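What's counted below: heavy atoms across the whole structure, side chains too, no hydrogens, waters or symmetry copies. Quick caveat, the model's predicted, so the values are computed rather than measured. Convention: sequence-line order gives letters A, B, ...; per-chain numbering from 1.
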Amino acid sequence: MAEFSIDSNFIPALHKPPALLPIAKHRESLLYVIEKFPTTIVIGQTGSGKTTQIPQFLENAGWCSDGKIIGITQPRRVAATTVAVRVAEEFGCEIGKEVGYSIRFEDVTSSSTRIKFLTDGLLIREALVDPLLSRYSVIMVDEAHERSISTDVLLGLLKKIRRKRPDLRIIISSATLQAEDFLKFFSEGPEDTTAEKCETKDNEVATIVSLEGRTYPIDTLYLESSAEDYVEKAIKTVFDIHTQEGPGDILVFLTGREEIDTAVEAVSERAAQLDARHGALQPLHLYAGLSTEEQMYVFDKTPENTRKVVFSTNIAEASVTIDGIVYVVDCGFVKQRAYNPKTGIETLTATPVSKASAQQRAGRAGRTKPGKCFRLYTEDSYGALPEANIPEIQRSNLAPIILQLKALGIDNIVRFSFLSPPPAELVSKALELLYALGALDEYAKLTRPLGFRMAEVAVEPMMAKTLLSSPGFRCTSEILTIAAMTSVGGSVWFHHDGERKKMETSRRKFAAEEGDHLTYLNAYQIFVSKGKKEPKFCHENNLNYKAMSRAVSIRAQLKRYLERFDMQVDDSRAASRPENPIEKAEQIRKCLTSGYFAHAARMQPDGTFRSVEGGVVLHAHPSSLMFNRKADWIIFHEIMETGNKIFIRDVTKIERGWLLEAAPEFYRLTD
DNA sequence: GAGCACTGC
């Protein structure tokens with residue numbers, strides 16, 4: 001008889017049994033607190049098990065017994081799906097049964113679902129149909145400290161809903177630093193009523209619970225004097241770690257693609273001269289612009305005697321977790337988006353990180369054993385950093401979110417209870433645009449049906465207006481495609497290293513003389529007809545298959561909205577040759593002007609553009625067909641300032657007269 | 001001649 005061996009007969013568990021997580025000993029007290037207080041703020045580090053365990057405790061304790069469900073929101077789609085799959089496993093059910101998830105295009109829930117994970121943006125959308133979110137007995141807002149625009153809006157909504165639904169339990173998961181802000185927010189009376197008094201000590205409405213995490217100690221090291229060139233300093237630090245420190249992979253935070261590619265190249269060159277006794281160094285890059293398969297390399301196990309060093313953007317701060325990182329190198333900067341309400345231009349600039357970010361980055365070193373974090377700045381500089389990031393809601397274009405709030409019946413935006421109120425200029429800029437688009441009337445009320453419909457379709461306001469005016473230009477089918485293609489955002493064309501030339505020639509095959517929007521339309525139509533929606537076709541034509549498939553889903557969803565509004569969509573003629581292609585193209589360009597009149601510009605003799613609003617100098621982005629081409633008047637989808645230049649992307653030629661036709665009032669005001 | 005990261009029944 002063969003000898004019995006445990007090793008060969010048992011497969012090690014993928015994760016530790018829940019009972020071993022520190023959270024298990026807090027079960028009773030957590031349930032007590034949630035029962036007693038309408039709002040509970042949970043502080044738990046990564047590894048505390050809060051996201052996976054709390055919903056199961058609640059389900060077990062009977063919070064779903066009256067047919068209501070437990071909802072847990074996440075800021076990201078991947079998080080919502082992966083956590084749901086894991087909880088279903090622990091719960092012992094098939095995903096979509098008792099435990100499910102719901103994200104855009106993917107509803108994996110059923111009538112038996114009791115624990116539901118979803119993105120916070122989607123829960124806000126549910127509130128449009130069910131304003132009191134009456135299906136839920138408990139709503140847990142996870143990763144609230146990240147302060148995404150949707151999370152902030154959701155928190156304001158929940159505070160409002162709570163007054164009408166005393167039975168609803170709200171759980172906010174937060175990092176230590178921000179817990180007090182959340183407590184204060186939920187303890188204070190709403191700003192829009194004076195009647196409700198603040199609760200007394202015996203009648204507290206919110207409390208904080210702290211859970212232990214499973215992180216390991218991290219040594220933090222600073223520079224004695226600040227570095228002049230942090231990319232070079234980062235590379236040197238990597239070699240110092242490699243030659244002087246024990247085993248373990250390295251994660252380096254830089255700000256963008258260019259820096260990262262430079263660093264990867266430098267490390268692979270210099271690593272060749274390393275003494276063999278130190279072992280090999282394998283540099284890898286990680287940023288969102290990479291294709292999924294290219295991103296996957298950072299998860300591969302390195303060969304024996306090889307140390308992995310990942311140069312990454314902020315994507316590795318919260319969105320992507322790489323196992324085996326023992327050393328973190330932090331340059332101290334991040335590229336951050338901001339919106340300037342005076343010019344209506346978004347900027348993307350490298351800014352110093354916050355203390356919260358620096359701590360989060362350092363924490364990436366201590367996930368499997370004690371680690372070290374090398375900060376490429378002085379301890380004094382750290383002390384001077386802001387405590388937390390400026391919340392997104394205070395530095396974004398608010399037009400989309402104000403449209404949604406109005407549709408939810410929140411007419412007085414200024415008195416809505418925001419955790420961090422947005423600056424008044426951002427609010428008035430958004431109101432101005434929504435008024436110009438016809439979504440709001442002169443009393444700032446949502447118009448019917450246009451405003452309500454614009455709030456409902458899942459594209460930004462200018463495109464929503466374009467889409468909804470398309471029947472008047474007899475080009476709804478085409479605009480649906482263009483809306484879907486611009487929604488996937490800048491990732492339609494794709495090339496491997498050194499294949500840029502090939503991509504340019506591929507792209508030229510789809511090019512339309514009138515500009516980028518019609519080029520998108522050509523690419524999409526050939527993809528769904530001749531390309532038969534196949535990956536092979538995409539590969540041959542330098543199209544991003546993932547992006548194209550997403551465009552197909554978005555288009556189908558947008559089409560369903562229009563049909564619900566009783567708008568006819570005739571796709572049959574678009575697929576075949578239009579009767580008069582030039583006339584059709586003109587209708588499409590006119591229709592685009594009806595939504596994008598605020599994004600108009602005129603070409604100058606030197607090839608740059610001058611914007612109609614503000615008269616600033618604009619450059620066609622090199623990814624645009626209008627780069628190096630002649631035009632007169634144009635409209636564009638997106639505008640962004642990077643470095644010292646303002647770029648416009650997705651550009652289409654128009655005629656001046658169309659602007660006055662589309663928005664006579666707007667142009668009278670700016671003239 | 002070039003852009004951080006997310007996201008929407």
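Side-chain N/O atoms of T519(A) and R507(A) include no donor and acceptor closer than 3.5 Å. T608(A) and H619(A) are not linked by any side-chain donor-acceptor pair at a separation below 3.5 angstrom, with hydrogens and angles left out of the test.
Nearer the 5' end of DNA chain B, as judged by each residue's closest nucleotide, is the contact made by G643(A), out of V129(A) and G643(A). When each of A288(A) and Q557(A) is assigned the nucleotide of DNA chain B bearing its nearest heavy atom, the one mapping closer to the 5' terminus is A288(A).
Taking atom CG of residue N628(A) and atom C1' of nucleotide dA2(B), one finds them 13 Å apart after rounding to whole Å. Distance, M503(A) CE to dG1(B) P: 16 Å, rounded to whole Å. Between the P atom of dA2(B) and the NZ atom of K335(A) lies a distance of 11 Å, rounded to the nearest Å. Atom-to-atom, CZ of R361(A) to P of dA5(B) comes out at 12 Å; the value is rounded to the nearest Å. Going from atom CZ of R104(A) over to atom P of dT7(B) covers 11 Å, rounded to whole Å. Protein atom OH of Y287(A) is 15 Å distant from nucleotide atom P of dA2(B), rounded to whole Å. Per the geometry, CG belonging to L118(A) stands 10 Å off P belonging to dG8(B), to the nearest Å. Rounded to an integer number of Å, the gap from CD of E460(A) to C1' of dT7(B) is 13 Å.
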Hey, can you pull the donor-acceptor pairs under 3.5 Å for the side chains in residues 115-122 of chain A, sequence neighbours left out?
residue	atom	partner	partner atom	Å
K116(A)	NZ	E126(A)	OE2	2.9
K116(A)	NZ	Y136(A)	OH	3.3
D120(A)	OD2	T151(A)	OG1	2.6

Which side-chain N or O atoms in residues 457-466 of chain A pair as donor and acceptor under 3.5 Å with protein atoms at least two apart or in another chain?
residue	atom	partner	partner atom	Å
E460(A)	OE2	Y596(A)	OH	2.7
K465(A)	NZ	L437(A)	O	3.1
T466(A)	OG1	M462(A)	O	2.8

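Taking every side-chain heavy atom of T119(A) into account, dT7(B) is the closest of dC6(B), dA2(B), dT7(B). Each of dG8(B), dA5(B), dG1(B) was ranked by its minimum atom distance to the side chain of R125(A); first place goes to dG8(B). Distance from the side chain of S319(A) is smallest to dC6(B) among dA2(B), dC6(B), dG8(B).
Residue contacts for F105(A): at a heavy-atom cut-off of 4.0 Å it reaches no nucleic acid atom on any strand shown. E638(A) comes within contact range of at least one nucleobase, with a heavy-atom separation under 4.0 Å. Among the atoms of the strands shown, none is found under 4.0 Å from any heavy atom of S148(A). In this structure, L348(A) reaches the bases: a heavy-atom distance under 4.0 Å links it to at least one base atom across the strands shown. When heavy atoms are screened at a 4.0 angstrom cut-off, S150(A) is found touching no nucleic acid atom at all.
Considering only residues two or more places apart in sequence or on other chains, F609(A) meets the ring-ring contact (aromatic ring centres under 6.0 Å, His included) condition with none of them.
Ring-plane geometry between W493(A) and F510(A) is classed as tilted, the angle between the planes lying from 30 to 60 degrees on a 0 to 90 degree scale.
Screening residues 309-320 of chain A for salt bridge (Lys or Arg N to Asp or Glu O under 4.0 Å) gives E317(A)-R361(A) as the qualifying pairs, with residues at least two apart or on separate chains. Residue pairs that meet the salt bridge (Lys or Arg N to Asp or Glu O under 4.0 Å) test with at least one member in residues 146-155 of chain A, sequence neighbours left out, are R76(A)-E146(A), R147(A)-D152(A).
Non-hydrogen atoms lying under 4.0 Å from DNA chain B are contributed by P75(A), R76(A), R77(A), all within residues 73-81 of chain A.
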